[in-house]
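Notes for the one structure printed next.
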Amino acid sequence: MTEVSSLTGRLLVAAPALADPNFDRAVVLLLDHDEEGSLGVVLNRPTPVGVADILLSWAGLAGEPGVVFQGGPVSLDSALGVAVIPGEEGPLGWRRVHGAIGLVDLEAPPELLAPALGSLRIFAGYAGWGPGQLEAELSEGAWYVVESEPGDVSSPRPEGLWRAVLRRQRSKLAMVATYPDDPSLN
């Protein structure tokens, strides 16, 4: 079996040529990546559904915009909470994924986490890859792998996250941020 170097906590930024409409200009935070597969959430797909409409008790803690994000095409009827909690120790009901970013147990009482939360996003569904599937997509050039920053989870302008993440790269990737939405119009 091929050894898989973990990409947990990093971002997958969709290459402009990625043909899957589920991931057009997507920025995916990888929450888990190992030899058994990968799981992440798309950070830049807000929906019109308010957090209060599905998880009223968490609505007051969700960052702006206070909507549910479509985390990916898998299990859209399930919810995941991703939160940034500064400091070394996180509260009960939160599991560190990478740095200050972690998963929230949405079954836990919100008041247990409220004092520690830096930001919170709620995602409907997730993006998932089976063993070796993501590695194959990476070798085909479908994704750019870059470091995440805690602010990516709570970007106040999620629709501009794809360009913003690419623009901050200190490589030729920064130029990809200028790629037109429809290159046929050039």
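For the pair I85/L117, a side-chain contact is recorded, criterion being any heavy-atom separation below 4.5 Å from C-beta on. Contact annotation: the side chain of V176 approaches that of P16 to within less than 4.5 Å [non-hydrogen atoms, C-beta and beyond]. For the pair L11/L43, a side-chain contact is recorded, criterion being any heavy-atom separation below 4.5 Å from C-beta on. Proximity of W129 to L12: side-chain heavy atoms (C-beta onward) are separated by under 4.5 Å at one or more points. Inter-residue side-chain proximity for L30 and T8 is flagged as unmet; no heavy-atom pair is nearer than 4.5 Å.
In terms of the side-chain hydrogen bond (donor to acceptor under 3.5 Å, both in side chains) criterion, Q70 has no residue partners (sequence neighbours excluded). Contacts of A114 classified as side chain to side chain contact (heavy atoms under 4.5 Å, CB included), with partners at least two apart in sequence or in another chain: L61. The side chain to side chain contact (heavy atoms under 4.5 Å, CB included) check on V153 picks up L29, V82, V84, I101, R121, with sequence neighbours excluded. By the side-chain hydrogen bond (donor to acceptor under 3.5 Å, both in side chains) test, W58 pairs with no residue at all, sequence neighbours left out. Taking E147 as the reference, R10 meet the side-chain hydrogen bond (donor to acceptor under 3.5 Å, both in side chains) condition, with sequence neighbours excluded. D53 meets the side-chain hydrogen bond (donor to acceptor under 3.5 Å, both in side chains) test with no other residue; sequence neighbours excluded. Residues forming a side chain to side chain contact (heavy atoms under 4.5 Å, CB included) with A15 (at least two apart in sequence, or on another chain): Y144. Under the side chain to side chain contact (heavy atoms under 4.5 Å, CB included) criterion, S171 pairs with Q169, L173, not counting sequence neighbours.
Although no hydrogens or angles enter the test, the distance criterion places a donor-acceptor pair under 3.5 Å between the side chain of N44 and the main chain of R25. Here the side chain of S6 pairs a donor or acceptor atom with the backbone of H33 at under 3.5 angstrom.
Between Y126 and G40, the shortest heavy-atom distance links the atoms CB-O, 3.4 Å. A136 and S139 get closest at one heavy-atom pair: O-OG, 2.9 Å. When all heavy atoms are compared, the tightest approach of G87 to R96 is O-NH2, 3.6 Å. A pairwise comparison of heavy atoms in A14 and F23 identifies CB-O, 3.1 Å as the closest pair. Across all non-hydrogen atoms, the minimal contact from A83 to V104 is CB-CG2, 3.5 Å.
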### Task
Show your reasoning for whether side-chain contact (heavy atoms from CB on, under 4.5 Å) applies to V42 and F69.
CA-CA 8 Å; V42 178; F69 282 66; over 6 Å; no

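Pairs passing the salt bridge (charged side-chain N to carboxylate O under 4.0 Å, His left out) check and including a residue from residues 149-158, sequence neighbours excluded, read E149-R168, D152-R168, R157-E159. Applying the ring pair (Phe, Tyr, Trp, His ring centres under 6.0 Å) rule to pairs touching residues 80-105 yields nothing, sequence neighbours excluded.
Other cluster members for L56: none, since no ILVMFWY side-chain heavy atom sits under 4.5 Å from it.
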Considering only distance and modelled atom types, tabulate donor-acceptor pairs under 3.5 Å from the side chains of residues 45-52, sequence neighbours left out.
from, atom 1, to, atom 2, distance (Å)
R45, NH1, D24, O, 3.4
R45, NH2, D24, O, 2.4
T47, OG1, V49, N, 3.2
T47, OG1, V68, O, 2.7

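When each of I122, L80, V28 is tested with V41 by the rule side-chain contact (heavy atoms from CB on, under 4.5 Å), just one qualifies, namely L80.
Counting non-hydrogen atoms of other residues, nucleotides and ligands closer than 6.0 Å to CG of L112 gives a total above 12.
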